[in-house]
Amino acid sequence: MTDVHTTPDIARLSGTFAIGGDLPVHRLGFGAMQLVGEGAWGEPRDRDEAMAVLRRAVELGVTLIDTADSYGPEINELLIREALHPYPENLLVTTKVGMLHPGPGQWEARGTPRHLKQQVESSLRNLGLERIDLLQLHWIDPEVPLSEQLGALVELREQGKIHHIGLTGVTREQLRSARAITPVASVQNEYNPSLRRADDVLERCESEGIAFLPWAPIARGELARPDSPLAPLAAEHGVTPAQLALAWLLHRSPVMLPIPGTSRVAHLEENMAAASVSLSEDEVERIAKFLAV
Ligand SMILES: NC(=O)c1ccc[n+]([C@@H]2O[C@H](COP(=O)([O-])OP(=O)(O)OC[C@H]3O[C@@H](n4cnc5c(N)ncnc54)[C@H](OP(=O)(O)O)[C@@H]3O)[C@@H](O)[C@H]2O)c1
């Protein structure tokens with residue numbers, strides 16, 4: 001496995017995917033949610049470390065950073081701006097709207113057009129951007145017709161405030177309904193080697209060339225622990241369980257863009273080194289079968 005210290009932009013080794021056909025990113029990205037306080041709420045546990053994680057991610061070749069207006073709320077986007085603005089030309093900071101976050105660990109979909117538009121304005125300001133290149137609808141609000149939620153985003157696109165639209169937490173059927181209203185550049189669903197209920201959505205993304213961003217790619221840290229079910233296979237391979245989980249995802253599909261989250265530079269470096277781990281098709285199958293038991 002390649003060392004992060006000898007290959008400064010190691011995330012590049014994960015390959016490139018062009019989101020929406022015109023936003024090329026290295027496939028191994030970074031999810032920023034862990035940088036704010038417990039339950040995605042409030043200030044970071046260690047502000048200096050949070051800044052260092054963001055800057056190190058870019059040094060290591062990360063060109064895709066995932067955030068949301070609701071992480072903090074707002075604090076996550078403000079940290080990204082403080083650490084990285086003016087952004088490198090090749091960096092895509094993607095954010096999400098459509099979720100209320102009234103307290104630590106509390107989430108509520110809110111997809112009224114008025115709310116979505118207000119959140120996009122807030123994200124533009126917080127991130128210091130004139131346009132959000134990939135704006136994701138954080139959750140489909142069951143109380144608001146999908147055509148109204150996506151209609152608001154289409155209007156924002158027509159006004160030049162956003163470029164591509166992505167979805168998160170969707171079923172295959174919801175993806176189909178959304179695509180009848182607007183092109184969809186990305187889908188973000190919970191997915192990792194031990195939780196693959198979104199396989200049907202992934203298949204559709206693959207056949208349509210839609211980026212698939214698995215959230216919780218290391219099962220919120222469960223797959224990284226010493227007692228991870230991946231630990232024996234990882235040891236056989238000479239990698240850590242977190243690296244094996246991420247390498248498995250990268251090998252699982254060419255449209256897969258994992259966004260592992262961490263609040264620590266050491267974990268970030270470990271995770272990014274997964275970009276250089278090679279697995280054969282047999283090994284990918286074996287890991288899938290092993291974890292399906
Ligand atoms: N669309 C949605 O609804 C949604 C929902 C949840 C998350 N997300 C996005 O997806 C991203 C990833 O998901 P996630 O952060 O929930 O889960 P994750 O990436 O699967 O795991 C993050 C957890 O794993 C730990 N960790 C990371 N690397 C490690 C390593 N090498 N060794 C040991 N522990 C490690 C982190 O702790 P440390 O901080 O101590 O490293 C953290 O507790 C988020 O950051 C967010 O951007 C989206």
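When a ligand or atom number is given, it counts from 1 through the structure's own listing order.
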Checking contacts here: is it the side chain or the backbone of [X] that comes within 4.0 Å of ligand 1, counting heavy atoms only? Could be both or neither.
X      : value
Pro217 : both
His138 : side chain
Ile259 : both
Glu270 : side chain

Could you tell me whether the side chain of Arg81 and the main chain of Pro86 form a donor-acceptor pair under 3.5 Å?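 Checking the backbone N and O of Pro86 against the side chain of Arg81, no donor-acceptor pair under 3.5 Å is found.
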When you measure from the side chain of His251 to the backbone N and O of Glu281, does any donor-acceptor pair fall under 3.5 Å? no
Verify side chain to side chain donor-acceptor pair (under 3.5 Å) between Gln243 and Glu270, making sure each step is shown before the conclusion. CA-CA 7 Å; Gln243 288 167 341; Glu270 176 186 331; 5.2 Å; no
Reported CG-to-CD1 distance for the pair Leu64 and Ile19, which is rounded to 0.5 angstrom: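 Output value for this atom pair is 5.0 Å.
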[Y] versus [X], side-chain donor and acceptor atoms under 3.5 Å:
X      : Y      : value
Asp66  : Gln136 : yes
Arg45  : Ser263 : yes
Thr171 : Arg176 : no

Please state which protein non-hydrogen atom is closest to [atom] and give its distance, to 0.1 Å?
atom                    : value
atom 39 (O) of ligand 1 : Ser263 OG, 2.6 Å
atom 17 (O) of ligand 1 : Ala216 CA, 3.4 Å
atom 22 (C) of ligand 1 : Gly261 O, 3.2 Å

Is any N or O atom of Thr67, backbone or side chain, closer than 3.5 Å to an N or O atom of ligand 1?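 It does not: no N or O of Thr67 is found under 3.5 Å from an N or O of ligand 1.
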Heavy atom of Gly169, distance to ligand 1 below 4.0 Å: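 No, that is not the case, since the closest heavy atom of the residue is not under 4.0 Å from the ligand.
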Measuring from non-hydrogen atoms of Tyr71 to any atom of ligand 1, is the shortest distance under 4.0 Å? yes
Pick whichever of Arg225, His267, Gln188 has a heavy atom sitting closest to atom 9 (C) of ligand 1.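 The nearest heavy atom belongs to Gln188.
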